[in-house]
There are 2 protein chains.
Amino acid sequence: MAKNAGDDARSAGELAEAATELRVTLYRIVRQLRTAQSALEITSSQSVVLDRLVTDGPATVAALARAENVRPQSMRVTLAALEERGMVERSPHPTDQRQVLLSVSAELEQQLAVIRSLKEDWLARSMAAKLGRAEQDALLAAIPLLRRLLEP
Amino acid sequence: MAKNAGDDARSAGELAEAATELRVTLYRIVRQLRTAQSALEITSSQSVVLDRLVTDGPATVAALARAENVRPQSMRVTLAALEERGMVERSPHPTDQRQVLLSVSAELEQQLAVIRSLKEDWLARSMAAKLGRAEQDALLAAIPLLRRLLEP
DNA sequence: TATTGTTATACTCTATAACTATA
DNA sequence: TATAGTTATAGAGTATAACAATA
């Protein structure tokens with residue numbers, strides 16, 4: 001009758017201690033990512049929104065805010081920065097005049113692909129330089145698990 | 001003569017794309033961690049410094065800044081907040097009058113252990129509720145790999 | 001009345017620049 | 001001169017509160 005999907009449960013203390021280690025490490029990595037600027041010279045927050053728009057297509061401010069778990073007011077600031085730099089375009093919603101659809105321009109989308117293939121970011125370079133193939137696999141295997149934690 | 005420690009190298013494009021996925025996911029998790037407040041009601045940044053002090057013992061502002069890869073001025077702000085709340089104490093360096101040693105009070109250290117064992121934080125709860133034992137193991141296996149990426 | 005978007009304001013984290021005190 | 005610490009200031013990211021326009 002365990003709440004876990006697995007069999008033998010880890011003790012609460014063990015898991016909590018491990019979670020602290022994980023939390024601290026994740027925080028340090030993300031801080032490093034923030035200072036190691038991307039080729040596009042955009043911030044992490046902007047990069048994540050662009051990725052969302054590329055992956056899921058055009059969306060409204062409210063929808064993006066819900067998807068990224070931030071307030072619409074906060075998402076608006078990020079989008080305004082991207083819009084000011086011409087990376088994101090806005091168009092009216094076809095039927096609902098309240099809504100505004102945000103989208104990534106075709107040129108930028110292509111540019112993003114090029115940049116990724118050049119692996120100009122700190123994370124890709126570090127993974128290539130410091131981890132072996134099996135270790136890279138182990139690290140990437142954590143991605144879907146982290147995503148599961150974010151699910152409602 | 002691969003730069004990698006492993007054998008068959010991943011293509012640059014593959015790795016860069018995977019790195020983008022990882023980066024975006026890590027950012028989302030850390031953002032979630034920031035809003036899901038800890039039992040101590042301290043910020044992530046403060047929590048990481050406390051963890052460092054508990055793990056490595058008393059240290060100076062400059063040493064903590066180096067260890068956490070931030071500027072001394074930034075570390076000072078974090079430490080000032082912890083000091084104001086009585087979580088961190090300062091004592092003069094025995095020989096060098098310029099330096100100030102920061103340490104966690106004994107009471108707080110004990111309190112931290114209790115809090116961890118109660119697994120009151122979002123990450124531990126999510127891992128327990130959403131991942132099985134093997135998945136937890138897979139996720140925790142990523143910790144040392146992420147740490148390696150942070151090494152100089 | 002509920003939803004979308006917006007403006008105003010504030011707090012945290014981090015940075016750079018410039019300063020003081022000690023080594 | 002170099003190092004430790006500090007003060008001042010600024011920008012990014014996020015939050016809450018209050019408001020306007022539309023559904």
Side-chain angles (χ1 to χ4, degrees), chain A residues 23-24 26-38 40-50 52 58-85 87-88 90-102, chain B residues 23-24 26-38 40-50 52 58-85 87-88 90-102:
Chain A
R23 181 159 39 79
V24 167
L26 292 178
Y27 187 83
R28 286 176 180 145
I29 284 274
V30 167
R31 187 169 52 197
Q32 177 65 34
L33 286 170
R34 185 163 44 204
T35 50
Q37 276 297 351
S38 70
L40 272 180
E41 292 193 352
I42 59 178
T43 66
S44 301
S45 169
Q46 292 165 12
S47 168
V48 168
V49 173
L50 282 184
R52 173 73 66 180
T60 64
V61 177
L64 286 169
R66 274 192 300 270
E68 291 297 337
N69 267 304
V70 297
R71 301 291 161 187
Q73 300 98 313
S74 305
M75 182 53 71
R76 211 199 137 268
V77 175
T78 303
L79 288 168
L82 287 169
E83 209 186 334
E84 201 175 318
R85 301 186 49 185
M87 296 177 152
V88 153
R90 54 170 59 208
S91 54
H93 192 279
T95 62
D96 189 336
Q97 283 192 287
R98 292 173 305 178
Q99 298 184 38
V100 181
L101 281 171
L102 286 309
Chain B
R23 180 159 40 79
V24 168
L26 293 178
Y27 187 84
R28 285 175 182 147
I29 284 274
V30 167
R31 187 168 51 197
Q32 176 65 34
L33 286 169
R34 183 164 46 206
T35 50
Q37 275 298 350
S38 71
L40 273 180
E41 293 194 352
I42 58 178
T43 65
S44 300
S45 168
Q46 291 165 13
S47 168
V48 168
V49 173
L50 282 183
R52 173 73 68 178
T60 63
V61 178
L64 286 168
R66 275 192 301 269
E68 291 297 338
N69 267 305
V70 297
R71 301 291 161 190
Q73 300 98 314
S74 304
M75 181 54 71
R76 210 199 138 269
V77 174
T78 302
L79 289 168
L82 287 169
E83 209 186 337
E84 202 175 317
R85 302 186 49 184
M87 295 178 152
V88 152
R90 53 171 58 208
S91 54
H93 193 278
T95 61
D96 189 335
Q97 282 191 288
R98 291 174 306 180
Q99 297 184 40
V100 181
L101 280 171
L102 286 311

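Chain letters run A, B, ... following the sequence lines, proteins first and then strands; every chain starts at 1.
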Rounded distance in Å - [atom1] ([X]) to [atom2] ([N]):
X	N	atom1	atom2	answer
B:Met75	C:dT12	CE	P	17 Å
B:Leu33	C:dC13	CG	C1'	16 Å
A:Leu79	D:dA12	CG	P	15 Å
A:Leu82	D:dG13	CG	C1'	13 Å
A:Gln99	C:dT6	CD	P	12 Å
A:Gln32	C:dA15	CD	P	10 Å

List the residues meeting side chain to side chain donor-acceptor pair (under 3.5 Å) with [X], not counting sequence neighbours, and say none if there are none.
X	result
B:Arg71	none
B:Arg28	A:Glu68
B:Ser45	B:Thr78
B:Gln99	B:Asp96

task: Under 4.0 Å between any heavy atoms, over every strand shown, what does A:Ser45 touch: base, sugar-phosphate, or nothing? Just pick one.
output: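 If one applies the 4.0 Å heavy-atom cut-off, A:Ser45 turns out to touch the sugar-phosphate alone, with no base involved.
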- request: For B:Val100, report the nucleic acid contact type (base, sugar-phosphate, nothing); a contact means any heavy atom under 4.0 Å.
  value: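 Sugar-phosphate contact only - B:Val100 comes under 4.0 Å of backbone atoms but never of a base.
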Name all residues meeting the side-chain contact (heavy atoms from CB on, under 4.5 Å) criterion together with [X]; count only those two or more places apart in sequence or in a different chain, and write none if there are none.
X	value
B:Ala36	B:Gln32, B:Trp122
B:Val88	B:Leu50, B:Leu53, B:Leu82, B:Leu102
A:Ala65	A:Val70, A:Pro72, A:Met75

field: Residue list, salt bridge (charged side-chain N to carboxylate O under 4.0 Å, His left out) with A:Arg66, at least two apart or on another chain
entry: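 In terms of salt bridge (charged side-chain N to carboxylate O under 4.0 Å, His left out), with neighbours along the sequence ignored, A:Arg66 is linked to no residue.
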- request: Would you please name every residue forming a salt bridge (charged side-chain N to carboxylate O under 4.0 Å, His left out) with B:Arg85, sequence neighbours left out?
  value: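 B:Arg85 satisfies salt bridge (charged side-chain N to carboxylate O under 4.0 Å, His left out) with no residue once adjacent residues are dropped.
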- request: List in numerical order all residues of residues 61-69 of chain B for which some heavy atom is under 4.0 Å away from an atom belonging to DNA chain D.
  value: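 Within residues 61-69 of chain B, the residues near DNA chain D are B:Val61, B:Ala62.
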message: In the structure I gave you, are the side-chain heavy atoms of A:Val100 and A:Thr60 within less than 4.5 Å of one another anywhere?
response: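 No, too far: nothing below the 4.5 Å cut-off.
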If you restrict it to nitrogen or oxygen atoms, what contacts under 3.5 Å exist between nucleotides 21-23 of chain C and the protein, and what is each distance?
unit_1	atom_1	unit_2	atom_2	d
C:dT22	O2	B:Arg98	NH1	3.4
C:dA23	OP1	B:Gln97	N	3.0

Would one find a side-chain N or O of [X] under 4.0 angstrom from OP1 or OP2 of [N]?
X	N	answer
A:Ser74	D:dG13	no
B:Thr60	D:dA4	no
B:Arg34	C:dT12	no
B:Arg90	D:dT6	yes
A:Thr43	D:dG13	yes
A:Arg71	D:dT16	yes
A:Tyr27	C:dT14	yes

field: First encountered from the 5' end of DNA chain C, between A:Thr35 and A:Pro72
entry: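 The residue whose closest nucleotide sits nearer the 5' end is A:Pro72.
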- request: Starting at CZ of B:Arg76, measure out to CD of B:Glu83 and round the result to the nearest 0.5 Å.
  value: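 CD of B:Glu83 is found 8.5 Å from CZ of B:Arg76.
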message: Minimum heavy-atom separation for A:Leu64 and A:Ala59, please, with both atom names.
response: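 In terms of heavy atoms, the two residues are closest at CG-CB, 3.9 Å.
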Tabulate atom names and distances for all N/O pairs under 3.5 angstrom spanning the protein and nucleotides 7-11 of chain C.
unit_1	atom_1	unit_2	atom_2	d
C:dT7	OP2	A:Arg76	NH2	2.7

